[in-house]
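I have placed the structure first, in the form of structure tokens, so that the comments after it can refer back to it.
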Amino acid sequence: MRGFDYQRAHDVSGALALLDADPEARFLGGGTNLVDLMKAGVERPVRLVDVRELPLAQVELPQGGGLRIGATVTNSDLAAHPEVRRRYPALAQAVLAGASGQLRNMATVGGNLLQRTRCAYFTDVTKACNKRIPGSGCPAIEGEHRNHAILGASGHCVAVHPSDMGVALTAFDAVVSYQTADGPGELPFSDFYVPVGDSPHRETALPPGALITGVTLPPAPVAAHSRYRKVRERASYAFAIGSIAAALDVHDGVVGDVRLAFGAVASRPWRAREAERLLTGAPADAESFAAAADAELAAAKPLPHNAYKVDLIRNLVVAVLTELTEEAVR
Ligand code: SF4
């Protein structure tokens, strides 16, 4: 591992100043992804600015509903918060589906949003990878891509975003807050991750040097009736090969408000807006759920070894929405 300086920031302006002093510096949260990438030689910062002591570790309850989650709230604290579990159960379930207890104790909300793909070519510095070295190629397209994208990919990169938490945040219209030396800013989650296009090394719309300070969830009564379901290759601890965050209101057998997002299918958590549009006002039955899933997945372009994800996501949509419907009419 390349040698690096380590400095601990105690307030936001101090953290920004420490980063600004060195363009090759990185903010350090829990380090559960960044430090692994440093060991592998993928990330080679000359300085780490530790932000874990910043006063951003609170889950706040704004008047009028919703949540404001500080960037340094740990995954464990977020999943255990009673109002997260009550107002946004799919978010708590998504966080608990990720990693192990030890990792969740360290990992932070801000860091979770910035974690990198687990594509094996990306983490192997002996291999070409457009995300790591722009223009070097994408060996996954002709190589190992069982766990790669079926939606929104490009001929330059077919990697998926690994976050479970991000799938629930996408479904609930989260807004990311950040701070730069020029002042504060916000990004709706739908704009936070940029499309892959021909520049997969550029992953978010954050300005250079920005520090994520928190995530706000707007009030969403439907979110109280929500679920996160993750499919992975081993039950104990693994990244998703497909996942879904869903929330559903049913009145007299008809779908009211509905939220759907998919994980492990694209370079970012995938909001299923076409499926939501078709479902709103439709009968709350398996036929409608399957038709909505098919409409959303019509845009899928699977590779030879990951076509299974189309059926997997379709089955998840039908199963989870059916469960939520049965609970709604009890
Ligand atoms: Fe790199 Fe993306 Fe291709 Fe993986 S899928 S090898 S991350 S360019």
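Just so you know, these numbers use all the heavy atoms, side chains as well, and skip hydrogens, waters and symmetry mates. Atoms within each ligand, like the ligands themselves, are counted from 1 in listed order.
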| query | From atom 3 (Fe) of ligand 1 out to just under 2.8 Å, does an N/O/S atom of Cys138 turn up? | reply | yes
| message | Could you tell me if Ser13 and Asp11 have a donor-acceptor pair between their side chains, going purely by distance under 3.5 Å? | response | yes
| note | The atoms of ligand 1 lying under 4.0 Å from a heavy atom of Ala159, numbered in the order shown, are 2 (Fe), 5 (S), 7 (S)
| In terms of side-chain heavy atoms, does Ser226 have a donor or acceptor partner in Tyr88 at a distance below 3.5 Å? | no
| remark: Between Phe192 and the options Leu187, Val175, Thr170, Leu169, the side chain to side chain contact (heavy atoms under 4.5 Å, CB included) test singles out Leu187
| field | Nearest-contact summary for atom 6 (S) of ligand 1 - protein heavy atom, Å | value | Tyr121 CB, 3.4 Å
| Of all the heavy atoms in His156, does at least one lie under 4.0 Å from an atom in ligand 1? | yes
| Are Val42 and Leu34 grouped together when hydrophobic residues (ILVMFWY) are joined by side-chain heavy atoms under 4.5 angstrom apart? | no
| Short N/O/S contact of Cys129 with atom 1 (Fe) of ligand 1 (below 2.8 Å) | yes
| Residue Cys157, metal atom 2 (Fe) of ligand 1, N/O/S under 2.8 Å | yes
| In terms of atom number and element, which parts of ligand 1 are under 4.0 angstrom from non-hydrogen atoms of Lys131? | 7 (S), 8 (S)
| said: Below 30° counts as parallel, above 60° as perpendicular, anything between as tilted: where do the rings of His145 and His148 land? | reply: perpendicular
| said: With heavy-atom distances below 4.0 Å as the criterion, list the atoms of ligand 1 near Asn130. | reply: 1 (Fe), 8 (S)
| Under 4.0 Å to a heavy atom of Phe122 - the qualifying atoms of ligand 1, by number | 7 (S)
| said: Less than 6.0 angstrom from the centroid, inside 45 degrees of the normal: does Arg132 satisfy that with respect to the ring of Tyr121? | reply: no
| query | What residue and heavy atom of the protein are closest to atom 4 (Fe) of ligand 1, and at what distance? | reply | Cys119 SG, 2.3 Å
| For Thr74, which of Leu78, Asp77, Thr72 qualifies under side chain to side chain contact (heavy atoms under 4.5 Å, CB included)? | Asp77
